[in-house]
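Structure first, commentary second.
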Protein chains: 2
Amino acid sequence: MELFYSRDIASGGRMLDSQESAHCIRVLRHREGDQISIVDGAGCLYRCRILKADPAGLQFEVLEVVEGYGSHPYHLHMAVAPPKNPERFEWFAAKATEIGVDEITPLFGDYSERRVFKGDRIERLIVSSAKQSHKAALPLLHPAIGVRDFLSSVRGGGRFICYCGDTADLGAAKIPLTEALCDSQRDITVMIGPEGDFSHDEIALAVSLGWQIVSLGESRLRIETAALVATSAVYLKFV
Amino acid sequence: MELFYSRDIASGGRMLDSQESAHCIRVLRHREGDQISIVDGAGCLYRCRILKADPAGLQFEVLEVVEGYGSHPYHLHMAVAPPKNPERFEWFAAKATEIGVDEITPLFGDYSERRVFKGDRIERLIVSSAKQSHKAALPLLHPAIGVRDFLSSVRGGGRFICYCGDTADLGAAKIPLTEALCDSQRDITVMIGPEGDFSHDEIALAVSLGWQIVSLGESRLRIETAALVATSAVYLKFV
């Protein structure tokens, strides 16, 4: 079953945009009277019937609303330092959407080589990835933010910061992310640093703010791989 | 630290091939007397000294051998049906190498849309991924094989086949892969089917041969994503 996406269906919009309309009518050959499924990006799937098969602006009526379609039993916020190559962050965003992520925040740290972040392409990839993996909710892509500001901005839930370095001098234990996750805490934030990792000062601040330092094992993972392994760890914990 | 790769260092070869030599001398500007690290693809890292800084064929002497460099505490064989787009399988092979995989076998099943598999490009990606993630052992890429032949060929260890369908009529339980994994069984084989999943007959054969049917949760994952989530599950279990 093919899913279509409408940004304004929840607020009463009953027409698909030109891109979705053309795909539905020209590519998939749907006609007036056909039933199609539309997601609102906020968690609802709408079963609809086509009233006007216009490839420039398909009009439909809503027959049924399914809430929490393709949802997952946790809330995951992944804060990740964008690699130099934008495609690697885009790839992470698309794959994490398939697996199950709710918020994505690009991070800039003391050791970040990249200080500019363009999210426009990612929005499109997230929509197609959510449609393809049958998820009615799109992850929220936040603006890029500095590590210190992010550390201070997240208050509740399980707050985990992945760190490869030694933490002995900080008097803080580092445990595997899989051990840090627990059934009773399903509101989770995970931070993944740049290639140069987080700085000692950033980790010290995280500890002082009550963040749990975690490890993702011994393998030397690239940023986007570490981010996807962490996303998988949270997903697998609650499946 | 940059790693170099030599296919024949273990058998006494003391010269890098032209590509590795040029990269070492022309790009990284190494000179005679410099120390470099070379992996043999079989698990050993060799600390070496450059004797002749020839960009066409760098000659070196071995100072020290480190066994099991970048190894992981399990043996994982991932058997995965190649998606239509070859890049998605290549991407899986490269990422799985980063995380930790020992053998990769392309599968053709009853519902496979793709029956041809070219591995040449993957070999190169695996080498660069292993060097980049500091692993001295390269995963073994097997020739493509049919699902039934593969099911019969794997004898020992934990044998898990991921299946989205219902298994009630087979009298076989389906459990999450994370529950199926246990500390005492670290020799693991995981099968991931094509977009159309495994056929009922293939699953019935798997059950009759003692394979455990497992699930990767509710998310609708593409082949390469499911394969990487499964690889992450095994990796995270033993870190």
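Throughout, protein chains are lettered first and strands after them, A, B, ... in sequence-line order, and every chain is numbered starting at 1.
Open room surrounds CZ on B/Arg7; 12 or fewer heavy atoms of other groups in view lie less than 6.0 Å from it. The environment of CD in A/Glu87 is sparse: at most 12 heavy-atom neighbours from other residues, nucleotides or ligands sit within 6.0 Å. Applying the 6.0 Å contact sphere to CD of B/Glu64 captures more than 12 heavy atoms from other residues, nucleotides or ligands. Open room surrounds CD on A/Gln19; 12 or fewer heavy atoms of other groups in view lie less than 6.0 Å from it. Counting non-hydrogen atoms of neighbouring residues, nucleotides and ligands closer than 6.0 angstrom, the CZ atom of A/Arg115 exceeds 12 such neighbours. With a 6.0 Å radius and a threshold of 12 heavy atoms from other residues, nucleotides or ligands, A/Glu67 has its CD atom at or below the threshold.
Using a 4.5 Å cut-off between heavy atoms, A/Glu224 contacts chain B through its side chain alone, with no backbone atom that close. Within the 4.5 angstrom heavy-atom criterion, atoms from both the backbone and the side chain of A/Ser133 approach chain B.
Residue-level contacts of residues 90-103 of chain B with chain A, in order of numbering, are B/Trp91, B/Lys95, B/Glu98, B/Ile99; threshold 4.5 Å between heavy atoms. Listed by sequence position, A/Leu228, A/Val229, A/Ser232, A/Ala233, A/Tyr235, A/Leu236, A/Val239 are the residues of residues 228-239 of chain A in contact with chain B, using a 4.5 angstrom heavy-atom cutoff.
Rounded to the nearest 0.5 angstrom, B/Ser219 OG and A/Lys135 NZ are separated by 3.0 Å.
Counting only heavy atoms from C-beta outward, the side chains of A/His72 and B/Glu218 never approach each other to under 4.5 Å.
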